[in-house]
Amino acid sequence: MKDGYKEGTIYSNDEISPNIFEVILEGDFHGIPGQFYMIRGWEALDPFLARPISIADIDSGKLKLLYELKGRGTHIISKLKKGDKLSLLGPLGNGFDLKEEGRIAIITGGIGIAPMLYLAKNLPDEVDIYSGFRSNAYFLDQIRPYVKSVNIATEDGTTGHKGFVTELFEPSKYDLVYTCGPTPMMEVVIEMCKGIVPVYASMESRMACGIGVCLGCTIETTRGMERVCKEGPVFKGEEVVI
Amino acid sequence: MKDGYKEGTIYSNDEISPNIFEVILEGDFHGIPGQFYMIRGWEALDPFLARPISIADIDSGKLKLLYELKGRGTHIISKLKKGDKLSLLGPLGNGFDLKEEGRIAIITGGIGIAPMLYLAKNLPDEVDIYSGFRSNAYFLDQIRPYVKSVNIATEDGTTGHKGFVTELFEPSKYDLVYTCGPTPMMEVVIEMCKGIVPVYASMESRMACGIGVCLGCTIETTRGMERVCKEGPVFKGEEVVI
Amino acid sequence: MTKVKILGVELKNPVIAASGTFGFGKEFDEFFSIDKLGGICSKGLTLNKSNGNKGIRIYETPAGLMNSIGLQNPGVEGFIRDELPFLQGKDTVIFANLGGHSLDEYLEGIELLNDTSVDFIELNISCPNVKEGGMAFGIKCNTAESVVKEAKKVSKKPMIVKLSPNAENIQEMAYTCVESGADGISLVNTFNALAIDIYNRRPVFNNITAGLSGPCIKPIALRMVYEVSKVVDVPILGIGGITRAEDAIEYIMAGATAVQVGSGNFIKPDITLDIIAGIEEFMEREGIKSLEEIRGII
Amino acid sequence: MTKVKILGVELKNPVIAASGTFGFGKEFDEFFSIDKLGGICSKGLTLNKSNGNKGIRIYETPAGLMNSIGLQNPGVEGFIRDELPFLQGKDTVIFANLGGHSLDEYLEGIELLNDTSVDFIELNISCPNVKEGGMAFGIKCNTAESVVKEAKKVSKKPMIVKLSPNAENIQEMAYTCVESGADGISLVNTFNALAIDIYNRRPVFNNITAGLSGPCIKPIALRMVYEVSKVVDVPILGIGGITRAEDAIEYIMAGATAVQVGSGNFIKPDITLDIIAGIEEFMEREGIKSLEEIRGII
Ligand SMILES: Cc1cc2nc3c(=O)[nH]c(=O)nc-3n(C[C@H](O)[C@H](O)[C@H](O)COP(=O)(O)OP(=O)(O)OC[C@H]3O[C@@H](n4cnc5c(N)ncnc54)[C@H](O)[C@@H]3O)c2cc1C
Ligand SMILES: Cc1cc2nc3c(=O)[nH]c(=O)nc-3n(C[C@H](O)[C@H](O)[C@H](O)COP(=O)(O)OP(=O)(O)OC[C@H]3O[C@@H](n4cnc5c(N)ncnc54)[C@H](O)[C@@H]3O)c2cc1C
Ligand SMILES: Cc1cc2nc3c(=O)[nH]c(=O)nc-3n(C[C@H](O)[C@H](O)[C@H](O)COP(=O)(O)O)c2cc1C
Ligand SMILES: Cc1cc2nc3c(=O)[nH]c(=O)nc-3n(C[C@H](O)[C@H](O)[C@H](O)COP(=O)(O)O)c2cc1C
Ligand code: FES
Ligand code: FES
């Protein structure tokens with residue numbers, strides 16, 4: 001049997017960059033890179049739904065999550081302090097297929113960087129990461145030890161290349177690509193890689209249940225409608241109908 | 001202009017007896033005995049309404065509240081810790097008329113003891129308090145220094161007289177009575193005192209606004225329908241239509 | 001910038017305090033100057049003073065509340081004598097919300113209000129908390145039709161008809177009211193709802209059902225405002241669950257000329273000011289010069 | 001103790017998983033044994049496989065959510081082939097929820113289900129999220145009447161008709177359905193509702209409106225169940241916003257024989273077990289031997 005919601009105790013919850021928070025939860029968490037948890041930081045019925053958040057890292061059972069302040073849910077979670085509790089359901093979803101060899105690129109946009117520390121840790125070292133941000137870069141310090149190169153693009157030029165991250169990256173140099181970020185960015189990545197290199201994309205969707213029963217999160221794939229929370233969130237680029 | 005909701009920072013929030021909590025808020029609070037504040041311990045829309053809680057004490061601007069765990073609102077508030085915030089609107093209501101002399105009795109039932117510390121502090125010492133509880137007595141230690149005698153009744157006999165508090169009290173011994181507790185208890189007190197001694201009763205009611213506009217909290221008085229939050233919560237016994 | 005016009009009357013902004021949630025303005029004026037509001041609806045008036053309902057009157061529900069106040073009010077004459085003078089002194093638009101238990105009561109009430117300075121009559125054919133009349137007029141089109149027609153004949157004031165979401169068909173109801181003479185439509189009043197005290201095995205409210213309001217109803221109320229905007233050409237006042245500027249803007253985009261804030265007033269006395277400020281901010285950020293630009297834009 | 005009987009079929013307890021919120025049971029069976037449930041309603045089936053709606057499908061609202069799934073489902077045959085075998089292996093009662101875009105679709109669907117082991121057909125004349133048919137059948141009594149009558153002629157299974165809260169008159173609708181042959185009534189399906197993306201100035205959902213569910217609707221849905229229980233004599237399944245045992249007990253006291261839990265499943269996969277346990281506790285504490293003692297007691 002899978003676990004239902006269980007409590008995690010907050011060990012730390014810090015704003016590591018404007019509007020970007022990192023929370024670490026004590027417990028006995030498990031999961032593979034690319035999987036996610038549904039999170040509730042409230043007991044009442046408003047907000048009603050839990051929020052899907054990727055595993056940013058798991059280290060001796062402690063779960064790290066990286067989240068961006070968006071709306072009411074993340075706002076409430078950002079106010080929690082050490083010792084407070086979160087409810088978590090997971091790990092959910094399929095996670096990334098881990099490849100053991102070859103040249104690998106990770107392409108992220110914004111908070112899409114969240115699952116990449118745990119991914120990078122579980123890949124061989126021959127990984128280049130390309131990360132785009134609107135303005136400030138974040139979380140890359142933690143990823144740096146596990147990759148060969150870090151390449152940054154910011155829309156306003158604050159750090160690294162001024163422009164889109166997709167302008168930095170050459171598909172033909174790689175044997176495999178992992179990507180996570182806003183759908184339009186991932187669509188560009190998928191297009192760029194088409195016929196050149198396989199891509200695994202962690203897709204976005206609004207979720208109600210997170211466990212495959214509401215059909216709220218489905219996307220169109222070459223196999224028909226599939227659930228981001230169940231068949232995904234990671235899909236092969238060529239399966240995603242753009 | 002009156003203040004709207006303002007934040008109070010929790011200094012302490014302790015369970016002083018089973019299901020009975022005392023919270024102390026830092027700030028610059030004011031109000032007279034018998035007045036109350038509307039409290040929110042949540043930002044979201046569920047629970048929707050704030051909760052009315054009496055001033056238990058104000059000491060150099062710090063506000064003390066005593067509350068019983070009832071439902072969802074008090075449950076959420078009970079989880080808050082030092083440094084967390086509460087939203088408060090007040091002071092609201094009329095408060096007790098303070099008498100400077102004569103023999104005074106305070107009769108309380110259960111959590112109706114909440115406003116009595118602040119009241120007793122603001123009365124001369126010739127006060128006897130009669131407090132009824134279901135089982136454990138609480139808060140009386142804090143009140144004791146300000147009264148002449150403390151008389152306890154518990155329904156199960158845990159402390160003091162086994163039975164109702166109204167069995168302990170003799171109206172004819174007093175020049176004035178203050179009471180707060182469940183409506184049925186206060187009705188007995190009012191009946192007992194009728195024609196013998198004036199009573200001020202702090203009435204219960206469900207509140208939505210706390211400021212006199214929803215007409216949700218009205219009770220029948222000899223002057224017509226009156227608002228517990230505005231004309232009350234303290235009414236003269238003879239005005240209350242039982 | 002936020003100005004809107006309703007039937008020739010200018011409101012500073014589209015935010016009106018809803019009936020029954022704002023008293024007659026006095027209590028709020030202690031918290032902020034109510035001059036800042038677009039308008040104020042009086043508590044629902046009946047011809048004669050009324051004590052309202054007995055028993056529990058307020059019950060909280062998820063993201064909302066139920067009420068069974070039952071039109072406790074000083075009566076139309078009491079209002080004119082004791083409450084209106086204060087409101088007149090304020091620089092805001094006044095809506096007299098008028099309920100009734102019978103057609104005659106409505107008509108007499110209107111006649112009394114005709115000679116006052118109120119800007120609008122809001123004809124409440126939708127109060128679920130009175131035994132006779134009230135909402136009964138607002139369920140079926142043919143009953144509404146006769147009340148509105150007669151009321152219109154008598155009224156010298158522009159007359160807004162306040163609809164019940166319990167109407168069988170909200171579009172037909174709105175259309176019928178407008179055909180019968182309504183100069184504007186406001187909606188929604190509260191939803192008929194039930195709560196049960198399971199420990200005592202009886203309804204929480206003496207009248208069994210009571211009226212549901214608050215954020216919980218917003219998605220339904222917004223749909224109704226949208227639907228009504230498709231079938232009538234008069235100004236619409238959108239009501240239901242507004243607690244944020246975004247909510248108000250949704251109503252305007254759904255076709256409302258202005259909005260009313262009800263239960264929201266209970267959770268923050270100056271919530272209307274936040275909403276007004278939020279609308280201004282939104283307009284600035286989005287480069288909107290007049291709310292006309294976005295009215296009914298969806 | 002918590003046993004209830006619906007049209008001769010015994011359910012262990014009155015808690016049924018509502019259509020569209022429980023898939024076909026497989027995902028939940030990974031969290032707990034679904035044998036523990038009184039019953040399970042399948043996702044809404046249509047004669048043919050359907051991909052459902054495009055665009056955003058889920059939108060959170062205060063204490064609720066809106067959905068526009070649009071009956072994505074494997075079709076009746078796909079259900080019988082791929083999903084029913086699993087459900088048959090479980091010790092719980094099966095309701096096949098059947099939607100349709102036309103009368104013929106309903107009838108063909110029923111015929112296919114007739115020869116299966118499902119215990120009940122739940123005729124869904126109330127889905128607001130399909131372009132044709134669906135809820136359109138559940139608004140006006142005369143359209144409902146013809147569908148239910150024809151369906152009843154064909155159905156060999158006991159047939160529960162699932163009503164829409166958007167029906168013009170819920171009592172008349174329930175009465176009509178029962179007169180037309182409904183063996184039971186379930187209500188409510190979702191409320192037609194609207195949400196607007198104010199930054200993009202368009203409705204959130206491609207179909208403009210979508211269906212509202214969750215605790216926000218409970219007070220209204222409970223009122224409807226109560227009203228319906230006054231006019232029909234068949235079993236009623238109460239649905240709408242149930243997340244706690246107390247909610248379920250309210251429905252039973254309002255007249256429901258059993259309840260369905262919908263959106264609640266999303267916020268806690270094993271919420272139905274909590275509700276069942278809570279009902280048991282309540283019965284013990286209150287000395288209730290059978291739910292019959294409190295059914296419709298208010
Ligand atoms: C599989 C998966 C993994 C994710 N991992 C992370 C993560 O590691 N860190 C992180 O910060 N975010 C992650 N997200 C996105 C995150 O779930 C949303 O940002 C979050 O739910 C917003 O909640 P809120 O209450 O703050 O905002 P809301 O008030 O609910 O909404 C604010 C805005 O967020 C958008 N939004 C709402 N729900 C979602 C959703 N489910 N997916 C995408 N956008 C949404 C809406 O467009 C809305 O405008 C992930 C999403 C998915 C599907
Ligand atoms: C003027 C005034 C002063 C009060 N002072 C105090 C105080 O100092 N300490 C304290 O513990 N309590 C006080 N109360 C009662 C307190 O407001 C309620 O116990 C509280 O609102 C319950 O909130 P909840 O969310 O925990 O319970 P809910 O979930 O809202 O309800 C649980 C139960 O509490 C009862 N209840 C709900 N609202 C009220 C209400 N407004 N008044 C009475 N009963 C209610 C209901 O019967 C319900 O069964 C006061 C009430 C009033 C009117
Ligand atoms: C306590 C209370 C009293 C109300 N009294 C009246 C009234 O007297 N007349 C009326 O037309 N509407 C009355 N209403 C309905 C509101 O004006 C409004 O239509 C409804 O509450 C929906 O808006 P909301 O969700 O913003 O509260 C009342 C609502 C509440 C909550
Ligand atoms: C995501 C979702 C999908 C649904 N799909 C169906 C369906 O296919 N058929 C149906 O009859 N009802 C469907 N419903 C309605 C529910 O079965 C239920 O009637 C409604 O949600 C109210 O109950 P609740 O408040 O407990 O969710 C769906 C509801 C939701 C939230
Ligand atoms: S979130 Fe419910 S099916 Fe994916
Ligand atoms: S609580 Fe609203 S009038 Fe008293």
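In what follows, chains are A, B, ... by sequence order, proteins preceding strands, each numbered from 1.
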*If you check every heavy atom in residues 217-238 of chain D against those of chain C, which residues fall under 4.5 Å?*
D:P219, D:I220, D:L222, D:R223, D:Y226, D:E227
*Would you please go through residues 246-275 of chain D and name the residues with a non-hydrogen atom below 4.5 Å from one of chain C, in numerical order?*
D:E246, D:I249, D:E250, D:M253, D:A254
*Below 4.5 Å from any heavy atom of chain C, which atoms of D:L65 appear? Answer side chain, backbone, both or neither.*
neither
_Heavy-atom pairs under 4.5 Å with chain C - which of D:T243, D:I297, D:N200 has more of them than the others?_
D:I297
_What residues of residues 54-64 of chain D make heavy-atom contacts with chain C at a cutoff under 4.5 angstrom?_
D:T61, D:P62, D:A63
*For D:I170, is it the side chain, the backbone, both or neither that has a heavy atom under 4.5 Å from a heavy atom of chain C?*
neither
*Write down the atom of C:E172, the atom of D:K140, and the distance for their closest heavy-atom approach.*
OE2-NZ, 4.0 Å
*Picking from C:I196, C:I298, C:N169, which has the most non-hydrogen pairs under 4.5 angstrom with chain D?*
C:I196
*Near-ring test C:F191/D:F191, centroid separation under 6.0 angstrom*: no
*asked:* If you count every heavy atom of other residues, nucleotides or ligands that lies below 6.0 Å from C:F282 atom CZ, does the total exceed 12?
replied: yes
*Going by the salt bridge (Lys or Arg N to Asp or Glu O under 4.0 Å) test, which pairs reach into residues 186-215 of chain D, not counting sequence neighbours?*
C:E286-D:R201
